[in-house]
Amino acid sequence: MTDTQAAPTAVPAASAATGVAVVTGVSALAPGGIGTADFWDALLEARSGLGAVTRFAADGFPVRVVGEVAGPETVPGVDPRLAVQTDRWSQLAMVATDEALHDAALDPAALPPYDLGVITASSSGGNAFGQREIEALWSKGPRYVGPYQSIAWFYAATTGQLSIRHGMKGPCGVLVAEQAGGLDAIGQARRTVLRGDARVVLTGGTEAPLSPYALTCQLASGLLSPGADPQRAYLPFDEAATGHVPGEGGALLLVEDAGQAAARGAPRPYGEIAGYAATFDPPPGVRPGGGPTALRRAVEGALADAGATPGEVDVVFADAAGSPDLDRAESACLAEVFGPRGVPVTAPKSLYGRLYAGGAPLDVVTALLALRHQVIPPTSPYVTRAAAHPIDLVGRARPARLRTALVVARGYGGFNGAMVLRSTPPTDSHRIPKGRVR
Amino acid sequence: MTLPPLAYNEFLNIIQRCTGVPSEVLATAADPAVTIEDMGVDSLGLINVLTEVENRYDITLDADGVQCFPEIYQLINDQLAPAAARTENAVVIDAPFDLVWEMTNDVANWPRLFSEYAEATVLHREGDTVRFRLSLHPEADGKVWSWVSERTMDRAARSVLAHRVETGPFAFMNIHWTYRDAPGGVEMRWVQEFHMRPDAPVDDATMTARINGNSKVQMALIKDRIEQAAKARAAGELVGQ
């Protein structure tokens, strides 16, 4: 490393690789919190971003509360040339990417294009864009479907736009596994970096699932909350849980090898992606044998991948489905692995909703911020843990010694994912500043 | 002289809406040296512009090899031109320009200048632009043709642009009047470009013949009335002296 430290923008030598994948840049776009600083403040103050649907007349919908980010038009900060050809979901990712790149002090043009990758998650693609064009198709005919439909709706559109925009021509892809997909994308980014296939991977995901068509698709799961009170609509682990509230937003992150990050002069990493595992539920109607559930196998797989014992985990960011059966399955799993009330469990997403492909990346960012600030952000104060859930649910911001965090995510359709994040010790050049760090 | 049915400003609006280019980039669209690629518009953006125009006018644009927006604009107008019928008629009036201009642009007085109009009602007047309703004399079956037009007069340029606001049986009707000094007086020239709607009772050819025939009759009448007025005014001036 010493031979490359003189020039931070110089191409680091491959020998700088340490085999540790770290996050060097984060972002956050959530209902009630735009940008990492604002988002973190909102969480610590338990400020809810949930409210009534304002995008369209939702009178006929059995869904009354959602989590919206900004107004209905083009996401602020997006070039109008890109706005005409992209769905809101891609626009959210562009804005988040700008924040993450700035945060990581990374100028993509300073690195060889094939050393930069983009691996995002998406669970529904370009909903509003697609709905508009399909309306043109059935109301006026095929000639009225705009050409940008061909590149705007599909799952890989965001990855493609980010790749083009930032000249990231290395390994690119998209993972589709509903709420678990965000962990799969970050896991794939880690794998890509550790294999040496790319030096830096832009990863994470966003979702914009609040158009009439997108909401209608979600109704089929039967998991959406019908509640009309923003404070009471999404109450994971509560006796009164009736489903979840969908929200838009997410997070993009930059993952790179710790040694190479240091060699390019990156700011102090937020932490290490220490472990990851994904499993799939058995088909509906098939009773698993006596072994552990697929969810538990994901959690234990991630711990094993990180070389961590359950006792080393300082905090768990729960999937927090908000539906009684799913909540019971998760709390039972956590009690089995960590012991009843064996570890602090929190669900900040109860303040802003489930963001699907954007949700788990935002939980990862939240976990990394918790490791940095040594505070566990709380679950919504309106949640009262039901006695049936043997977990230590964090109800208010809790200062704690945090070194290792676990993020759990489940996606509708049987996807399970778990990720272990570990704080990285500061080096001489990355001393922890005093006071609250932004 | 051409009167393209797609106005240039509207063409620019379409480009901006379909490609999202910022205003300062849009301003370079008129320069044939600036390519579409230079403007940061990709192939899909160009397709978006072309299909918007194609759908609006029900035409097909072959833009293979086109490099810049002025070429596209030309393609559009080349396509639209065959869809437009055109009439051109002129008459020389032996009278001073001021009198010819005033009498032919006094819309409210048209029923006394033309023989075809029963009524002319000014609806709105702003600067040199006037919007008005014209009604023809009733036909044998009692039907009265009536429509709203708008004229913008440019006296310094000796030119008037008009178009039908309520287009009725026309898909569009654009009118350009010009005046110039000529041997024997002032030449007044009427150019009309139009296209009949598919459901109109007559087609472009029939309407062209009708306008050409009627223009000759009306121009002869207008020439006569203005020349008489000129004589009367000259006589008055003589008497006054």
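Below, chain A is the first sequence line, B the second, and so on; all start at residue 1.
- Interface check for chain A: of the options B:Thr19, B:Thr51, B:Ile47, B:Val21, the most heavy-atom pairs under 4.5 Å are formed by B:Thr19.
- The cationic group of B:Arg151 lies under 6.0 Å from the six-membered ring centre of B:Trp177 and within 45° of the ring axis, placing it in a cation-pi geometry.
- Looking at A:Ile151, only its side chain comes within 4.5 Å of chain B, counting heavy atoms on both sides.
- If you measure heavy-atom distances from B:Glu52 to chain A, you find no contacts under 4.5 Å at all.
- Of the candidates A:Thr206, A:Thr159, A:Thr158, A:Thr159 is the only one forming a side-chain hydrogen bond (donor to acceptor under 3.5 Å, both in side chains) with A:Thr120.
- Ring orientation note: the planes of B:Phe172 and B:His195 are tilted relative to one another, at an angle of 30° to 60°.
- Between B:Phe132 and B:Tyr117, the ring centre distance reaches or exceeds 6.0 Å.
- In this structure, chain A has a heavy atom under 4.5 Å from the side chain of B:Val25, while its backbone stays farther away.
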